[in-house]
Amino acid sequence: MAENEYKPQTNFIREIIKEDIKNSKYGGRVHTRFPPEPNGYLHIGHAKSICLNFGLASEFGGLCNLRFDDTNPTKEEVEYVESIKNDVRWLGFDWGDRLFYASDYFDQLYQYAVQLIKFGNAYVCDLSPQEIRDYRGTLTEPGKESPYRKRSVGENLDLFERMRAGEFEEGFRTLRAKIDMKAGNLNMRDPVIYRILKATHHRTGDKWCIYPMYDFAHCISDSIERITHSICTMEFEDHRPLYDWFLDQLGIYHPQQIEFARLNLSYTLLSKRKLIELVERGYVRGWDDPRMPTLSGLRRRGYTTESIRDFCERIGVAKRESLVDIALLEHCLREDLNKRSPRVMAVLRPLKVVIVNYPDDLLEEMEAINNPEDPGMGTRKVPFSRVIYIEKDDFREEPPKKFYRLAPGREIRLRYAYFIKCVDFIKDEKTGEVIELHCTYDAATKGGDAPDKRKVKATLHWISAAHALEAEIRLYEHLFTKENPGDLEEGQDFKVYINPNSLITLKSCYIEPTLRNTEPGDFYQFERLGYFCVDPDTINGKLVFNRTVTLKDTWAKIEKMQKGK
RNA sequence: UGGGGAGUCGUCCAGUGGCAGGACGGCAGACUCUGGAUCUGCUUACAGGGGUUCGAAUCCUCUCUCCCCAGCCA
């Protein structure tokens with residue numbers, strides 16, 4: 001669809017892989033993996049990584065595993081595992097029979113730890129968390145060696161076994177790699193590789209009370225799975241020497257790690273911690289709130305997998321920190337939706353219009369095109385009668401410059417129907433608000449064309465009052481008012497930038513009767529307004545729509561500029 | 001002040017010794033029964049200084065700026 005004419009650009013990872021294949025590194029094999037921790041929902045930033053890992057694998061005839069890095073039972077849940085699997089599938093990727101968990105490797109990981117101890121490369125340390133911190137030194141000062149660093153292999157083996165057996169309390173002992181307390185790279189200052197956690201794991205239950213740290217488990221998991229290219233984000237760049245160390249000490253298979261910059265999106269936050277906070281403190285309705293940048297949120301909002309994949313291709317892959325304009329995501333969305341969405345008419349803020357010279361008892365069916373971008377989608381009949389609704393925004397008592405729509409004395413076209421001219425309007429006496437229009441129609445313009453070739457400047461959408469379906473419509477804007485809500489002043493709370501207008505609910509909107517049997521997941525273009533989809537809250541005939549994205553709106557831009565003057 | 005990484009249009013990404021290019025955005029116009037779509041044009045960038053070279057975004061060198069690292073998180 002969207003990728004018809006678009007030539008994907010290359011990126012440095014693709015070039016590395018091409019080179020590796022050419023040189024027969026890993027025997028020309030390409031095997032990647034997407035390794036999420038099941039402690040939250042996936043967001044658009046993960047989509048970038050998923051598209052990269054699965055995309056590269058399929059491009060080069062390789063494989064991509066889905067592996068959960070589930071080494072911290074205090075934070076991980078089955079709910080997250082399920083949502084992640086669902087989201088990856090939704091994006092259109094298939095891990096085949098290669099669904100793995102770091103917890104699958106706990107026995108092996110334990111054996112590797114024992115091996116490290118036997119080689120004299122790891123020791124059981126009795127320092128408290130605070131002491132470990134103190135001994136680590138700082139960014140500019142070297143650390144001090146732990147007094148337990150010189151324990152004998154035999155003692156270490158015994159202690160580690162007893163850690164496993166549950167003899168010690170949490171925090172009282174750890175297993176540490178014996179590397180270099182003076183290293184400039186803090187990751188090499190005798191990192192903890194096993195800690196005591198008396199927590200039930202979502203997969204291994206109570207089998208273990210010691211759990212490997214991420215750094216230890218991750219690189220070995222990649223090794224076990226014989227991953228060729230371990231693609232990860234930049235912050236792991238200085239963990240790479242540690243991974244190299246583990247793998248070299250153990251003498252096991254060594255994947256190649258390649259780091260790239262994570263995605264940042266304007267007016268959006270992609271920090272798991274902050275997204276969790278939005279959900280748990282009720283700033284949004286849940287992980288799938290249509291304002292959330294989570295894949296489940298985007299899905300409910302009406303984003304298509306095609307548009308997200310297109311976006312991930314277009315943003316490219318590089319190592320520098322960047323802030324991608326959310327307008328690009330919206331562009332990809334509109335481009336996809338424009339080609340696929342059936343057109344339909346809906347009035348968000350209704351203004352009653354009586355066509356005074358139209359027969360009281362007449363009902364006509366106007367033929368409307370379902371999608372001008374795709375004639376194959378056919379036409380439909382839309383009922384027309386004497387009383388209709390138009391959009392409040394489409395009438396001005398005193399039209400400003402460049403306002404082409406309806407105004408007293410002005411003639412416009414009703415889409416697929418007639419030319420009408422406004423001859424009178426009624427105001428609410430108290431508020432002064434225009435509440436009803438009187439118009440005349442020209443019977444000769446049926447269908448929307450004037451035999452005398454006269455032109456009108458505007459075409460408006462409308463709904464026949466007698467046939468209108470009522471619906472609730474939810475309008476969304478960016479969740480944050482600040483372009484980069486992740487960039488905060490010292491001590492500032494990101495929540496002060498939450499957009500108070502990010503959700504506006506309109507309760508009495510009118511839509512075409514042709515949508516009577518529409519169902520959650522269906523999507524449409526409401527002509528002149530935007531793309532909308534049916535929300536799962538649609539039950540028992542009560543229709544609820546989400547505005548996925550507006551159409552580009554030239555008039556809104558002009559009006560904003562006029563007001564800005 | 002230690003270690004690691006990065007600086008190219010407003011934004012994102014190419015270009016790796018030979019005319020700085022694409023996409024998004026913005027602006028202007030054409031067309032239009034959606035102020036949509038489509039089409040056309042325009043706009044603007046190599047962090048800075050020195051050097052090598054016939055020629056430097058690209059190589060060397062110095063400087064500046066930004067990001068990451070002091071979890072028994074991942």
Side-chain angles (χ1 to χ4, degrees), chain A residues 6-7 9-11 35-37 39 69-72 74-76 125 127-129 132-134 136-143 170-176 182-189 191-197 210-211 213-215 217-218 233-241 259 261 266 272-273 314-332 334-335 338-339 343 345 368-369 372-373 402-405 413-417 419 445 447-449 455-461 483 525-530 550-558:
Chain A
Y6 188 76
K7 304 191 247 0
Q9 56 199 357
T10 191
N11 63 56
E37 183 192 14
N39 69 340
D69 272 336
D70 53 352
T71 54
N72 186 349
T74 65
K75 291 190 175 171
E76 296 148 6
C125 183
L127 256 24
S128 70
I132 287 184
R133 214 166 298 140
D134 296 340
R136 187 155 30 224
T138 67
L139 293 178
T140 52
E141 303 154 30
E170 281 187 18
F172 279 73
R173 283 199 162 95
T174 57
L175 183 69
R176 294 228 259 164
K182 293 190 287 294
N185 182 347
L186 266 40
N187 294 124
M188 303 299 272
R189 317 240 265 227
V192 171
I193 56 181
Y194 262 90
R195 77 291 212 187
I196 299 168
L197 246 30
I210 56 170
Y211 292 91
M213 295 289 289
Y214 169 84
D215 280 334
H218 184 79
T233 44
M234 294 298 294
E235 65 268 29
F236 294 106
E237 197 148 24
D238 46 15
H239 292 233
R240 184 160 23 107
E259 305 86 5
S266 61
K272 248 190 204 176
R273 206 205 89 231
R314 291 202 201 203
I315 55 176
V317 182
K319 297 184 78 140
R320 57 168 164 260
E321 185 185 65
S322 63
L323 180 66
V324 175
D325 192 341
I326 196 166
L328 179 60
L329 214 210
E330 292 170 344
H331 167 82
C332 296
R334 288 191 183 103
E335 190 174 75
N338 175 49
K339 291 178 182 138
R343 271 59 170 175
M345 290 193 283
I369 295 165
E373 301 291 322
K402 293 192 177 170
F403 182 89
Y404 302 148
R405 282 108 95 144
R413 170 171 38 234
L414 292 176
R415 183 116 160 123
Y416 301 125
F419 284 15
T445 59
D449 285 307
K455 301 278 184 198
V456 286
K457 296 269 267 182
T459 299
L460 308 187
H461 60 277
E483 184 175 26
Q525 184 197 96
F526 288 177
E527 293 220 29
R528 304 209 304 133
L529 297 174
T550 61
L551 252 26
K552 280 204 207 164
D553 191 343
T554 307
W555 166 243
K557 221 182 276 179
I558 294 169

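These figures come from a predicted structure and were not determined experimentally. The chains referred to below are lettered A, B, ... by the order of the sequence lines, with proteins before strands, and numbering in each begins at 1.
A donor-acceptor contact shorter than 3.5 Å is absent between the side chain of Thr71(A) and the backbone of Met213(A). The closest donor-acceptor contact from the side chain of Asp553(A) to the backbone of Ala556(A) lies under 3.5 Å.
Annotated as anti: G29(B), whose O4'-C1'-N torsion sits more than 90° from 0.
Spacing between C42(B) and C59(B) at atom P, rounded to whole Å, works out to 32 Å. Here the separation of G17(B) from A56(B), taken at their P atoms, is 14 Å to the nearest Å. Atom C1' of C66(B) sits at a distance of 26 Å from the matching atom of G51(B), rounded to the whole Å. Remark: the separation of the P atoms in C9(B) and A30(B) is 33 Å, to the nearest Å. For the C1' atoms, the distance from G10(B) to C27(B) is 13 Å, rounded to whole Å. When the P atom is used for both U34(B) and C67(B), the distance is 49 Å, rounded to whole Å. Comparing the P positions of A70(B) and U65(B) gives a spacing of 23 Å, expressed to the nearest Å. Taking the C1' atoms as reference points, G18(B) lies 32 Å from G25(B), given to the whole Å.
Remark: His331(A) is in phosphate contact with C24(B), judged by side-chain N or O atoms under 4.0 Å from OP1 or OP2. Residue Lys402(A) has no polar side-chain atom (N or O) positioned under 4.0 Å from OP1 or OP2 of G35(B). Within the 4.0 Å cut-off from OP1 or OP2 of C72(B), at least one side-chain nitrogen or oxygen of Arg136(A) is found.
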Can you give me the dot-bracket string for RNA chain B, 5' to 3', counting Watson-Crick and G-U wobble pairs with both distances under 3.5 Å, using [ ] for crossing pairs and | for partners on another strand? .((((((..((((....[..)))).(((((.......)))))....(((((..]....))))))))))).....
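Side-chain atoms of Glu527(A) lie closest to U34(B) of the nucleotides G35(B), U34(B), G4(B).
Looking at residues two or more places apart in sequence or on another chain, you find a side-chain hydrogen bond (donor to acceptor under 3.5 Å, both in side chains) between Thr459(A) and Arg413(A). For Ile132(A), the side-chain contact (heavy atoms from CB on, under 4.5 Å) partners at least two apart in sequence or on another chain are Leu127(A), Arg136(A), Thr174(A), Arg176(A), Val192(A). Under the rule for a side-chain contact (heavy atoms from CB on, under 4.5 Å), the partners of Thr550(A) that lie at least two apart in sequence or sit in another chain are Arg334(A), Arg547(A). Under the side-chain contact (heavy atoms from CB on, under 4.5 Å) criterion, Ile210(A) pairs with Tyr110(A), Phe160(A), Met163(A), Arg164(A), Tyr194(A), Ile196(A), Trp208(A), sequence neighbours left out.
Thr140(A) comes within 4.0 angstrom of a nucleotide base, judged by non-hydrogen atoms across all strands. Counting any heavy atom pair closer than 4.0 Å across all strands shown, Lys557(A) reaches sugar-phosphate atoms only and no base atom. Phe403(A) comes within contact range of at least one nucleobase, with a heavy-atom separation under 4.0 Å. Within 4.0 Å (heavy atoms only), Ile558(A) reaches at least one base atom of the nucleic acid. Within 4.0 Å (heavy atoms only), Leu127(A) reaches at least one base atom of the nucleic acid. Counting any heavy atom pair closer than 4.0 Å across all strands shown, Phe236(A) reaches a base atom. Base contact: His239(A) has a heavy atom under 4.0 Å from a base atom. Using a 4.0 Å heavy-atom criterion, one finds that Glu141(A) contacts no nucleic acid atom at all. Heavy atoms of Met213(A) sit under 4.0 angstrom from primed sugar atoms or phosphate atoms, though from no base atom. Across all strands, Thr71(A) comes closer than 4.0 Å only to sugar-phosphate atoms, never to a base (heavy-atom distances). Across all strands shown, Pro36(A) has no heavy atoms under 4.0 Å from either base or sugar-phosphate atoms. The residue Asp449(A) sits close to a base: some heavy atom pair falls under 4.0 Å. Across all strands, Glu373(A) comes closer than 4.0 Å to base atoms (heavy-atom distances).
A donor and an acceptor atom sit less than 3.5 Å apart, one in the side chain of Asp238(A) and one in the base of G3(B). Put simply, the side chain of Arg405(A) and the base of G35(B) share a donor and an acceptor less than 3.5 Å apart.
Nearest-nucleotide assignment on RNA chain B puts the 5′-proximal partner with Asn185(A), out of Tyr416(A) and Asn185(A). Both Lys272(A) and Ala327(A) lie near RNA chain B, and the one whose nearest nucleotide falls closer to the 5' end is Ala327(A).
To the nearest angstrom, P of C67(B) lies 14 Å from CE of Met234(A). Regarding Glu330(A), its CD atom lies at a distance of 17 Å from the C1' atom of A37(B), rounded to whole Å. Summarising the geometry, the separation between OH on Tyr211(A) and C1' on A74(B) is reported as 16 Å, rounded to the nearest angstrom. Atom CZ of Arg343(A) and atom P of U32(B) are 19 Å apart (whole Å). Arg189(A) has its CZ atom 9 Å from the C1' atom of G3(B), to the nearest Å. Regarding Asn39(A), its CG atom lies at a distance of 9 Å from the P atom of A74(B), rounded to whole Å. Taking atom CG on Asp553(A) and atom P on U34(B), their separation rounds to 14 Å, with Å as the unit. Per the geometry, CD belonging to Gln525(A) stands 12 Å off P belonging to U38(B), to the nearest Å.
Inter-residue side-chain proximity for Asn72(A) and Leu197(A) is flagged as met; some heavy-atom pair is nearer than 4.5 Å.
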Letter per nucleotide, 5' to 3', of nucleotides 8-20 of chain B [B base touched, S only sugar-phosphate touched, - untouched; heavy atoms, 4.0 Å]: B--SSSS------
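Of the residues listed (Lys75(A), Glu76(A), Lys272(A)), the one engaging Asn39(A) in a side-chain hydrogen bond (donor to acceptor under 3.5 Å, both in side chains) is Lys272(A), and it is the only one.
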Full working for side chain to side chain donor-acceptor pair (under 3.5 Å) between His461(A) and Arg415(A): CA-CA 6 Å; His461(A) 60 277; Arg415(A) 183 116 160 123; over 6 Å; no
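Relative orientation of the Tyr214(A) and Phe236(A) rings is tilted, given thresholds of 30° and 60° on the angle between their planes.
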